[in-house]
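In what follows, a single structure is set out as structure tokens and then discussed.
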Amino acid sequence: MNKRIVKFGVIGCGLMGREFASAVNRWGHLLNLGFSPQIVGVCDPNSNATEWFEDNIHSLKLVTHDYHELLKDKEIEAIYCAVPHHLHEQLYIDIINSKKHLLGEKPFGIDLKANQKILNVIEKHPDLVVRASSEFPFFPGGQIISKWIQEERFGKILNVEAGLLHSSDLDPNKKINWKRKIDFNGQYGCMGDLGLHVLHMPLRFGWIPKNVRAILSNIITKRTNDDGLMEECETWDNVTLLCEVEKEINSFPMVLNMKRIAPGHANTWYLTIHGTDFSCEYSTKQPKQIHFMEYRLGGNQSWQTMDVPYQSAYDSITGSIFEFGFSDSILQMWAAFIDEIVNRETMAQSFTCASPQEVSISHEVFTAALCSHLTGETVDLSKERESTWIG
Ligand SMILES: NC(=O)c1ccc[n+]([C@@H]2O[C@H](COP(=O)([O-])OP(=O)(O)OC[C@H]3O[C@@H](n4cnc5c(N)ncnc54)[C@H](O)[C@@H]3O)[C@@H](O)[C@H]2O)c1
């Protein structure tokens with residue numbers, strides 16, 4: 001098949017930069033796509049970080065310490081950017097102004113103000129596809145739930161719970177990194193890090209929190225740095241948000257958990273939806289299994305467990321009996337991003353990556369959560385509270 005090649009630059013060659021780039025080398029995994037990405041340029045001020053790309057990405061032509069070099073390159077059509085949060089505002093704005101499509105990492109700006117500045121620039125470039133990275137909905141369990149929502153199976157929603165749970169920070173000897181410092185990660189702490197993953201699907205279903213009561217915890221307040229010295233660990237480790245959602249005539253509670261210290265959980269993303277007609281529970285802890293219960297008037301209340309087939313948004317060579325994993329979700333998300341660049345509204349399937357509007361609502365929720373924790377009150381998201389939140 002003669003495929004349309006979309007040339008990419010990668011800015012930020014750390015953990016996530018490498019994860020994305022390795023997906024290119026697996027592109028043949030996906031079936032029936034008329035497009036293919038090619039990474040031609042990478043940028044990171046740290047030469048150790050770019051070395052892996054030079055060894056593994058054979059289409060690479062440009063390796064630089066200065067991202068402006070990538071933005072000047074006419075060949076590059078789109079950028080994947082994965083840098084610490086304090087850099088999002090400047091870099092994302094420069095990328096969009098250089099007229100390149102952007103798949104940017106969350107939280108898309110270190111705070112609400114930074115996010116709004118990015119949004120203002122996006123609005124001036126409606127021709128560009130700008131999306132935020134959020135791969136978990138591409139797990140087959142996420143895709144099935146999305147289909148069930150579209151089919152309106154749930155009846156009246158009773159309650160929703162969603163979360164992303166990490167646990168490596170339970171170890172007090174784990175060294176400090178930029179994600180534990182306000183200057184680099186922002187006041188949001190773990191909400192900036194984990195929050196969009198938790199909110200992406202609820203927001204996609206139109207479940208926009210009307211208000212929020214938040215409890216934030218900073219549990220381990222000091223960690224050693226690379227020189228063996230103790231440093232202040234400033235950011236929130238764990239956050240629980242209780243939100244009220246109003247959808248049409250239905251109002252229900254939605255609990256959102258973002259935790260860096262959830263004992264035993266290494267990257268567990270979960271979504272529970274209980275409804276009057278249908279309920280489901282899915283967690284990447286057991287990624288093959290989805291639990292669901294259909295209720296018919298007067299009938300038994302009997303939960304079923306199904307092994308979900310290996311089927312995400314895009315078809316692949318993998319047999320349906322095999323297991324789906326994190327790197328598969330990245331591959332699928334990238335396919336959705338490029339499909340949108342190439343095919344726009346005629347893309348092969350309808351589940352797009354997280355939109356700037358969804359990201360913007362996530363910032364409003366996180367900012368309200370900071371305010372709620374500070375005051376101990378429930379914050380009404382429908383009112384303009386921005387100045388209080390930021391102050
Ligand atoms: N989608 C996910 O599942 C997921 C997981 C982890 C992190 N993230 C997000 O990815 C982003 C990066 O996180 P990470 O874990 O990859 O961090 P990381 O520290 O591993 O990598 C960040 C890289 O950015 C580089 N960098 C710093 N300044 C730069 C500049 N001016 N130009 C180019 N590169 C620069 C650093 O040298 C480093 O190599 C963050 O926004 C984070 O929230 C997403």
Side-chain angles (χ1 to χ4, degrees), residues 9-23 41-54 62-71 76 79-95 98 102-111 114-115 118 131-139 142 163-166 168-169 175-181 183-186 188-201 226 235-236 258 260 266-269 284 325-334 336-337 353-354 359 362-363 366:
V10 174
I11 302 180
C13 297
L15 177 78
M16 286 314 290
R18 276 196 303 275
E19 194 63 49
F20 267 80
S22 91
V42 294
C43 165
D44 198 298
N46 175 0
S47 301
N48 291 334
T50 52
E51 212 176 281
W52 179 91
F53 288 76
E54 292 172 272
L62 175 60
V63 179
T64 171
H65 292 176
D66 178 1
Y67 70 90
H68 296 98
E69 294 292 316
L70 291 193
L71 303 190
I76 294 175
I79 298 283
Y80 169 65
C81 188
V83 294
H85 304 171
H86 68 298
L87 298 172
H88 287 188
E89 179 184 337
Q90 190 63 57
L91 268 66
Y92 291 10
I93 287 174
D94 289 349
I95 293 164
S98 77
L102 168 65
L103 182 58
E105 271 302 339
K106 39 79 194 170
F108 241 74
I110 197 163
D111 56 21
N115 179 254
I118 297 169
R131 297 285 176 259
S133 165
S134 160
E135 63 278 3
F136 292 104
F138 290 94
F139 269 77
L164 182 57
L165 310 177
H166 284 196
S168 59
D169 285 13
K175 285 195 179 147
I176 196 164
N177 62 29
W178 65 263
K179 290 170 186 166
R180 312 289 165 271
K181 297 179 188 169
D183 283 351
F184 302 98
N185 189 10
Y188 293 157
C190 65
M191 290 187 287
D193 231 11
L194 311 176
L196 181 64
H197 290 306
V198 180
L199 265 163
H200 181 182
M201 289 206 74
D226 284 338
T235 54
W236 302 114
M258 298 136 206
R260 301 215 62 95
N267 213 32
T268 301
W269 178 86
T284 58
F326 182 78
S327 48
D328 295 301
S329 67
I330 297 281
L331 184 65
Q332 291 279 336
M333 173 176 71
W334 210 357
F337 179 62
C353 299
V359 173
S362 77
H363 275 266
F366 305 152

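In listed order, ligands and their atoms are each counted from 1. Keep in mind the model is a prediction, meaning the values are calculated, not measured.
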Checklist entry - Mind checking what makes salt bridge (charged side-chain N to carboxylate O under 4.0 Å, His left out) contact with Lys179, not counting sequence neighbours? => result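 Lys179 satisfies salt bridge (charged side-chain N to carboxylate O under 4.0 Å, His left out) with no other residue.
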Which residue and atom name correspond to the protein heavy atom nearest [atom], and how close is it?
| atom | answer |
| --- | --- |
| atom 37 (O) of ligand 1 | Asp44 OD1, 2.6 Å |
| atom 42 (C) of ligand 1 | His85 NE2, 3.5 Å |
| atom 19 (O) of ligand 1 | Trp178 NE1, 2.9 Å |
| atom 3 (O) of ligand 1 | Glu135 OE2, 2.5 Å |
| atom 35 (C) of ligand 1 | Pro45 CD, 3.3 Å |
| atom 22 (C) of ligand 1 | Ala82 O, 3.6 Å |
| atom 10 (O) of ligand 1 | Glu105 CG, 3.1 Å |
| atom 5 (C) of ligand 1 | Met16 SD, 3.3 Å |

Can you tell me which portion of [X] lies within the under-4.0 Å heavy-atom range of ligand 1? Options are side chain, backbone, both, or neither.
| X | result |
| --- | --- |
| Lys106 | both |
| Asn177 | neither |
| Cys43 | both |

List every atom of ligand 1 that sits less than 4.0 Å from any heavy atom of [X], numbering the atoms from 1 in the order shown and giving each element.
| X | value |
| --- | --- |
| Ser133 | 1 (N) |
| Gly14 | 20 (O), 21 (O), 23 (C), 39 (O) |
| Leu87 | 27 (C), 28 (N), 29 (C) |
| Asp193 | 43 (O) |
| Gly12 | 24 (O), 33 (C), 34 (N) |

Can you confirm, on distance only, whether ligand 1 has an N/O atom lying under 3.5 Å from any N/O atom belonging to [X]?
| X | value |
| --- | --- |
| Gly192 | no |
| His88 | yes |
| Tyr80 | no |
| Leu15 | yes |
| Val83 | yes |

In the structure I gave you, are the side-chain heavy atoms of [X] and [Y] within less than 4.5 Å of one another anywhere?
| X | Y | answer |
| --- | --- | --- |
| Phe184 | Thr235 | no |
| Glu19 | Ser327 | yes |
| Asn267 | Thr284 | no |
| Phe366 | Leu199 | yes |

Checklist entry - Does ligand 1 have any atom that is closer than 4.0 Å to a heavy atom of His65? => result no
Checklist entry - So is His197 in contact with ligand 1, going by heavy-atom distances below 4.0 Å? => result yes
Parallel, tilted or perpendicular: which fits the ring planes of [X] and [Y], with parallel below 30° and perpendicular above 60°?
| X | Y | answer |
| --- | --- | --- |
| Tyr92 | His88 | parallel |
| Tyr80 | Phe20 | parallel |
| Trp269 | Phe136 | parallel |

Next on the checklist: Run Val83 and Trp178 through side-chain contact (heavy atoms from CB on, under 4.5 Å) and show every step you take.
Outcome noted: CA-CA 11 Å; Val83 294; Trp178 65 263; over 6 Å; no
Checklist entry - Does the side-chain contact (heavy atoms from CB on, under 4.5 Å) test come out yes or no for Met333 and Ser133, once each step is laid out? => result CA-CA 8 Å; Met333 173 176 71; Ser133 165; 3.3 Å; yes
Checklist entry - Where the closest heavy atom to atom 14 (P) of ligand 1 is concerned, which of Lys179, Arg18, Gln90 has it? => result Lys179
Next on the checklist: Let me confirm one number: the CD1-CG distance from Ile95 to Leu70, rounded to the nearest 0.5 Å.
Outcome noted: 8.5 Å
Checklist entry - Leu103 and Trp334: which non-hydrogen atoms are nearest, and at how many Å? => result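 In terms of heavy atoms, the two residues are closest at CD2-CD1, 4.2 Å.
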Next on the checklist: Please determine whether side-chain contact (heavy atoms from CB on, under 4.5 Å) holds for the pair Trp52 and Ser22, giving the CA-CA distance in whole Å, both sets of side-chain angles, and the decisive distance to 0.1 Å.
Outcome noted: CA-CA 10 Å; Trp52 179 91; Ser22 91; 4.1 Å; yes
Checklist entry - How would you list, by chain and number, every residue that makes a side chain to side chain contact (heavy atoms under 4.5 Å, CB included) with His65, sequence neighbours excluded? => result Ser47
